[in-house]
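One structure below.
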Amino acid sequence: MDKILRIDVGQTGLPSVKTEAVGAYAGLGGRALTSTIVGKEVPPLCHALGPENKLVIAPGLLSGTPAGQSGRLSVGCKSPLTGGIKEANAGGQAAQVLARLGYAAIVLEGAGKSDTTYLIHIDKNGVKIENDQRLKLLGNYALIDEMKKRYGDKVACISIGPAGEMKMASASIACTDMEMHPTRHAGRGGVGAVMGSKGVKVIVLDDAGCETRQPKESEAFKAANKVWIEGLKKHPVTGGGLPNFGTNVLMNIINEAGGLPTTNFKTGQYAGASKISGESEAALEIKRGGPATHGCHRGCVIQCSGIYNDANGNFLTKQPEYETVWSHGANCNIDDLDTIAMLDRLDDDYGLDTIEMGATIGVAMEAGLLKFGDGAGAIELMKEVGKGSPLGRIIGSGAAVAAKAFGIERAPVVKGQAMPAYDPRAIMGMGVTYATSPMGADHTAGYAVTANILKVGGYVDPLKSEGQIELSRNLQIATAAIDSTGMCLFIAFAVLDQPETFQALIDLINSFHGLKLTSDDVTALGKSVLAIERDFNARAGFTKEMDRLPLYFKREKIPPHNVTFQIKDEDLDKVFNW
Amino acid sequence: MRVTLRLFASLRTGRFDEAEFELPPAATVGAALDAAGVPRSEAAIIFVNGRHADFDAHLAEGDALGVFPSIGGG
């Protein structure tokens, strides 16, 4: 991982390819690398779909090594959804394969031309690019079937569907999993639209003949990895709850806590929650012959996913995750898992962020475009997005745009990005993260559900304002660091509770790279990443007034606890004071 | 007094999803778990009427308990 691949799509003829030494970016990976490159090289006032924006794709510091759980891929750019900096990350095979090919990052840059559909193929011999119009507007599933025919099933693909080609602000970038399904998405902030703006449809990565990355201190690395994997396996969340029930094990507990946004964030409990819970989902998957325990990449220890087959036992989609089941389910009052799974399949096929799409359909339902609970209508609306009809383009632009188009105040967004599956009034720590994260409303940026609800890493009462600022601050710092390692964020459950597992993570980084980092250095890395991101946003015109929830969260009480968002503005402004 | 007890995730195995229990007035959460045969060591997160509660919290007629093992997701 000592080189950066720059592909300039603005050249006459096919894009130019330049491989350069990692240089000033040495020692950075994942989110630290994508945000540093975007911060230094992208003019913050540029248009996200214009020639000055860049799409940076980077594996983490430990990706491509035998370190367990190290397969996250970071994607960075200026976001067409928020207008600020964006890092979205995904699982799947791509991070491991890209790292083994030796690339710290791929940078897509320059002025995209109209009507190009580039296929970029990268293997140990180099880079080949062709403009293949036969791939134009293919869904991710048909596209990957075609890639399998051409290159076999041992490659990893990074691709966009028609939503990305149409440059919709909710478009995602798909990564293939171990079975070559395009089911692992860098979902948030419209990164797929930026890839589409560069005219790139798919990047095929083939690491045949490449070695696993070798640590500088082999014995120490092996010892650290043993402690690391044992730590993940012994923690009840990473070793029990997540593999057995998937991420949707959260449905019942967030509902019980009264923080499950229902009917476009009008209430905090959903009568149909049990029907669409992780317990029900896992049981249905097993009944239909799909495993309810499944990893998204080789080297995954936690195995939080599963396979969702249709009623005939045929593959439909991967196990829809909690955020997806919430957004398309509770938020839209749809209590049918097959309908939700179909919406998940369409999201993946068109290349769309499932959170943004569910939130947007919720807004459309409030606007009266269709009724809450209308599953068939939701599927039809999603198909409009896939077709790119005028209505579909409004929906594909996300919740904020749809709310404007239909004259609705209640758009649950911060910085233009839809809130995920936790009501910020009943789980107030999440409200702090939504308001202040440089990414816009993003649960992963500082997952206060840990201490607010799950009693992991301590306990902070979710219904009170005390302690939420500090909680969100510490989690945002830790997350920015974890996102730079290539590690799946779910390691945090074990790391927060088990000091020896946290130490093993530091030992993995140190022994692999020959470093002597301490936990203070990890904290400093997280702070530096956040500082770079906030600096970009400030130069893009963001002010503290944009670190706020929509005002109706302070005005409207959410049942059953009948609370409003209580955190004061001046306290939100202290999150990044350290 | 009667209280409703709901179990989730792995706590359901070999037990129940939801059941009602007759308990002495002002019985504690811990006593309710004992009556239901749920080891306290497995009851990591407890809600009473949607609010976090501990083993020594006192219950009232009609209270709804939700009990979870250690879980996480997102």
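Letters A, B, ... are given to chains in the order of the sequence lines, protein chains preceding strands, and every chain is numbered from 1.
In the displayed structure, Lys455(A) atom NZ is contacted under 6.0 Å by more than 12 heavy atoms of other residues, nucleotides or ligands.
Across Ile45(B) and Ile253(A), no two heavy atoms sit closer than the pair CD1-CD1, 3.7 Å.
Looking at Pro462(A), only its side chain comes within 4.5 Å of chain B, counting heavy atoms on both sides. With a threshold of 4.5 angstrom between heavy atoms, Ile71(B) approaches chain A through its backbone and through its side chain. Using a 4.5 Å cut-off between heavy atoms, Leu65(B) touches chain A through its backbone atoms (N, CA, C, O) alone. Contacts of Asn252(A) with chain B are made by both backbone and side-chain atoms, with heavy-atom separations under 4.5 Å. There is no contact between Ala421(A) and chain B, counting heavy-atom distances below 4.5 Å. Looking at Asn49(B), only its backbone comes within 4.5 Å of chain A, counting heavy atoms on both sides. Heavy-atom distances place both the backbone and the side chain of Val249(A) under 4.5 Å from chain B. Proximity to chain B (any heavy atom under 4.5 Å) is restricted, for Asn452(A), to the backbone atoms N, CA, C and O.
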Give the intermediate values and the outcome of side chain to side chain contact (heavy atoms under 4.5 Å, CB included) for residues Leu454(A) and Phe68(B).
-> CA-CA 9 Å; Leu454(A) 304 172; Phe68(B) 295 80; over 6 Å; no
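Your options are Ile453(A), Val456(A), Asn244(A), and the one with the most heavy-atom pairs under 4.5 Å with chain B is Ile453(A). Put simply, of Asn248(A), Leu242(A), Ile302(A), Thr450(A), the one with the most heavy-atom pairs under 4.5 Å next to chain B is Leu242(A). Across Pro560(A), Ala492(A), Ala257(A), the residue that shares the most heavy-atom pairs under 4.5 angstrom with chain B is Ala257(A).
Distance CZ/Phe47(B) to CG/Asn255(A): 10.0 Å, rounded to 0.5 Å. Between atom CZ of residue Phe493(A) and atom OG of residue Ser70(B) there is a gap of 10.5 Å, rounded to the nearest 0.5 Å. Rounding to the nearest 0.5 angstrom, the gap separating the NE2 atom in His52(B) from the CG atom in Leu463(A) is 9.0 Å. Distance check: His561(A) NE2 to Arg51(B) CZ gives 5.5 Å after rounding to the nearest 0.5 Å.
At least one donor-acceptor pair closer than 3.5 Å links the side chain of Glu279(A) to the backbone N or O of Ala9(B).
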